[in-house]
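Take a look at the structure set out below.
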Amino acid sequence: MRQTAAGSVPAPNASRPGGIIAGLFCAVSAMQEKYLPQDIERHAQARWADTAAHRAADVSDKPRYYCLSMFPYPSGKLHMGHVRNYTIGDVLARYHAMRGFNVMQPMGWDAFGLPAENAAIANNVPPAAWTYSNIDHMRGQLKALGLAIDWERELATCKPDYYRWEQWLFTRLFEKGVIYKKMATVNWDPVDQTVLANEQVIDGRGWRSGALVEKREIPMYFFRITQYADELLTGLDTLPGWPERVKTMQANWIGKSVGVRLAFKVAASDELLWVFTTRADTLMGVTFVAVAAEHPLAARAAESNPGLAAFIAECKQGSVAEADMATMEKKGMDTGLKAIHPLTGEAVPVWVGNYVLMSYGDGAVMAVPAHDERDFGFAQKYGLPIKQVIGVEGEAFSADAWAEWYGDKQRGVCVNSGKYDGLAYADAVNAIADDLVALGLGEKKTQFRLRDWGISRQRYWGCPIPIVHCDTCGDVPVPAEQLPVVLPEDVVPDGAGNPLNRRADFVHCACPKCGAPARRETDTMDTFVESSWYYARYACPDANQMLDARANDWLPVDQYIGGIEHAILHLLYARFFHKLMRDEGLVTSDEPFKNLLTQGMVIAETFYREDASGKKTWFNPADVELRDGVHVCTTDTQPVTHGGTEKMSKSKNNGVDPQALIDQYGADTARLFTMFAAPPEQSLEWSDSGVEGANRFLRKLWKASFDHVQAGVVAAYAGGELDDAAKSLRRQLNHTIQKVTDDIERRKQFNTAIAANMELMNALAKFEGSDAVSRAVRQEVLESVVAMLAPIVPHICEALQAELKPGASLVWPTVDEAALVQDEIELMIQVNGKLRGQIRVPASADKAAIEALTLASDTVQKHTEGKPPKKVVVVPGRLVNIVV
RNA sequence: GCCCAGGUGGCGGAAUCGGUAGACGCAGCGGAUUCAAAAUCCGCCGCCGCAAGGUGUGGGGGUUCGAGUCCCCCCCUGGGCACCA
């Protein structure tokens, strides 16, 4: 099969200690004519392993570059999203290594989480065993991709030597009051008797039992992230290296709003009903007050009102997900209670509304139907009064239909508002707030949408919360010397509650304070906690403390790369955790990630068949082909329906297995295709024929180098007379170096960097000279292309470098400014903005000269029909526009 | 529902600061090579039109000498919405 001469020489055995010699061996053997990715990649990867080529030095003279890709959840095998994410990171890591940086690119495993429990239920395997075997498999796959990872820093969050430090920090924060306990609402499956994650609630029912889900209040531990809300918001301004859209999303999520907190007296009682509003200027238009179903006032009113009690019970059905809350039909019911308007003394009804969130503000809102769209709809539905208190010049108000200007605080002034009439938004808010303060019924207040972070999970496969419950001492944090609280790994969950509750050896313990028999907390932590600090632990994975000085040497991360789906939660929690660690003296920086690249999803076509009951069966695109314009399944040749292009997923069975791709074409082809098909931030559509194209280019690159090497390698061009063809090729080479450097370094857009190298290779293929100077130019082009592509397709480039320049390491090429100079340039000619022709002018020509040359040209004469120009626009280096 | 993106040939995409729309690749078509095929190489390739030319970046309007790019409105697709990670 491998018919070339090299087949007869002993294969380099790179796994023996003489790996470096084996690497050099390649350079002195005859070059293979055929591109054999499997051999090349095996050889290169063995050499990297033997020479510890990607080890990051904790101490070095070079500048540091910490390149981090979001670590994977060990789901079983690598998917294309991983390949994309890690190749992007690898390109940046290898590029910086070539530019002389001391690069750290670590890898680890976000190993706790729900899928392991689901797998356990399905296959009767302990989550721990399942997870560890997945990790072993996926580590092998990552190595086969040829990533420049320092594997000595590998960590897995499910290992006690990792999570013990998380538990340690938890106890510190608990004692400091940064972590506290309160009641919170969860999805409760009354049949399985278990708490459900939002994704386990489908159309209001439990995914396994099918039972109607209920909301239930349980005690939970919370991180006081709201205490850091302002810093998390202003900190965004210190992150110029983050995408604007991510910062906008985070800012909106934190949701700082300045407004007024004010109180209505509850009629016939001393009680005050507090509400928060950003529209105090509309206070005179309040026609009712709405409270959340969980509000104490609602509960009290329901005691003597069975109808209301039934309504509140109805509100407690369904999931707690905010998307569900916001899309459901707005419903409400009068409590019969009245609230006294703080300024007018008027009595307005108090309603319960299913759209009022208990978790925001005080769980109650003042309703101004005339100037809030949601209140407007609600008032119309229930026949509540609508009172206009804001007017805009020239606009007529109608209570029958909502108009955009009703809610616009920029345009209107107060009307029907007594002494506040004529005041614009800011003045009205101030005047009304002052009056409320004077009455003791209000205050100016800054409110955040952000809520405290509840981290208790009623699940087994997570980091145990290090708390012991003692009848006399209460909630006692586990002392440092008793950590870690180790999670038993031989447990198989069955889907009905947390199995830790049934593990007597885990639950029963002595109170750390008084020694009396006590119960260990069985809730585990949200897995977002582990992923909030792993980036710091990579710097010192062996430290016998949470972090040591090396963390500060490496942090902040220079480049973080991960999916856009993490724009808010993970990235906000990690930023918050970094500040917690800073305040504990563990790190000195304020932000964990200096530059952020959010990569798009990998998507593919979907195909399905629907049976009589409407159940869909999904077919993998690999098993579908187009025959006579109809998509058919290759195994039974029956037609399937095209279901659109969607994110690769198990449920739609449209995943492409990267392993098959690597086995067939090699890692370099997989890497090249994923980098070429789309820029990193966009979604990437999978295409089998695109993969063929990527492989074809690598074969061409190999062939061009082979042909050149066969005729004998020479020194790259360093000077000497060039003919026009050679000059033009060198100009293109240097333009390419300039562009590719900018594409990788600043734009982080690799598809255009690859395209530029393809163009250069196309130009090289047309370049014919075989004299000494031409051969030197060809050598220069090939060496440069190999260097520029090395971060993207490292295996083939290392092999080609060994042939083109034996013994020399890959160095990023620099631009020869002199090669860029041109004598003549081509300008486009437009007449009245329409393209009419081109003109060649000396590169040195000034605007006046260009204008004169253009006006004299046949093109202009023809299209202006001799009319004198009204205006001439000259854009240097681009075009001339004649306006007549 | 709310927040954030995106929409360009048959397809993936390019056009970086308002200045040649469609680079590069895929698919397709024509040719060379081959007993034949694969592979490879050369050429063509937005749409309408014989051509001159016209037209064209989701739809509608606007700013400008000039708009894929800026502004306003609308439509569609995707991401996130706090227990998927």
Side-chain angles (χ1 to χ4, degrees), chain A residues 70 72-73 75 110 112-115 118 184 186-187 195-201 243-246 248-253 255 319-328 330 355 359 374 449-459 526-528 531 563-570 572-573 598 600-601 603 644-647 673 676-679 681-694 696-697 699-700 703 739 742-743 746-747 749 751-752 754-759 762 765 826-830 832-835 838 870-873 875 877-883:
Chain A
M70 290 182 186
Y73 177 79
S75 54
D110 189 11
F112 277 136
L114 204 49
N118 296 340
V186 294
N187 302 307
V195 176
L196 297 177
N198 282 336
E199 73 155 10
Q200 296 174 316
V201 181
E244 217 46 55
R245 60 166 160 158
V246 173
T248 307
M249 281 191 260
Q250 292 216 349
N252 289 340
W253 184 261
S319 94
V320 298
E322 195 186 300
D324 294 336
M325 300 283 289
T327 47
M328 69 190 174
K330 310 276 172 288
Y355 66 96
S359 50
R374 232 169 13 175
R449 206 187 74 95
L450 182 69
R451 309 198 293 257
D452 275 340
W453 175 17
I455 55 117
S456 295
R457 297 290 179 271
Q458 297 68 44
R459 294 188 209 301
D526 181 0
T527 56
F528 273 126
S531 56
I564 183 65
E565 65 271 23
H566 297 292
I568 298 176
L569 292 181
H570 162 62
L572 188 69
Y573 291 146
T598 48
M601 302 169 307
I603 58 181
T645 306
E646 294 185 48
K647 175 175 170 172
F673 174 72
F676 180 62
E681 305 229 308
Q682 275 179 40
S683 57
L684 181 153
E685 186 172 337
W686 192 255
S687 152
D688 286 333
S689 49
V691 173
E692 295 269 3
R696 191 174 304 149
F697 173 72
R699 289 200 308 265
K700 278 192 209 173
K703 181 69 169 34
K739 178 181 173 49
D742 185 51
D743 278 350
R746 180 182 63 88
R747 297 214 301 158
Q749 190 167 306
N751 55 333
T752 48
I754 294 165
N757 275 295
M758 285 176 168
E759 283 181 80
N762 289 344
E826 191 167 70
L827 298 180
M828 296 301 121
I829 300 179
Q830 291 185 345
N832 289 334
K834 277 192 197 292
L835 184 68
Q838 305 89 21
K870 252 191 243 167
K871 186 174 181 180
V872 179
V873 182
V875 183
R878 292 270 186 195
L879 56 72
V880 186
N881 188 14
I882 314 287
V883 187

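Letters go in sequence order (proteins before strands), and every chain restarts at 1.
- When distances run from any side-chain atom of A/L879 to the nucleotides B/G19, B/A85, B/C3, the shortest one goes to B/G19.
- Residue-to-nucleotide proximity on RNA chain B shows that, of A/K330 and A/E322, the 5′-proximal contact is made by A/K330.
- The base of B/C83 has none of its N or O atoms less than 3.5 Å from a complementary donor or acceptor on the side chain of A/N198.
- A donor and an acceptor atom, one from each side chain of A/D743 and A/T752, are located under 3.5 Å apart.
- Regarding the sugar-base torsion, B/C72 falls in the anti class, its angle being beyond 90° of 0.
- Spacing between atom CD of A/Q749 and atom C1' of B/G13 amounts to 10 Å, rounded to whole angstrom units.
- Atom CZ in A/R245 sits about 7 Å away from atom P in B/G6, given to the nearest Å.
- With hydrogens and angles ignored, a donor-acceptor pair closer than 3.5 Å exists between the side chain of A/R746 and the base of B/U16.
- One cannot find a donor-acceptor pair under 3.5 Å joining the base of B/C84 and the side-chain atoms of A/Q200.
- Residue contacts for A/W453: at a heavy-atom cut-off of 4.0 Å it reaches no nucleic acid atom on any strand shown.
- Among the candidates A/E565, A/H566, A/E681, the single residue satisfying the side-chain contact (heavy atoms from CB on, under 4.5 Å) test with A/T598 is A/E681.
- Among the heavy atoms of the strands lying under 4.0 Å from A/K700 are primed sugar atoms or P, OP1, OP2 only; no base atom is included.
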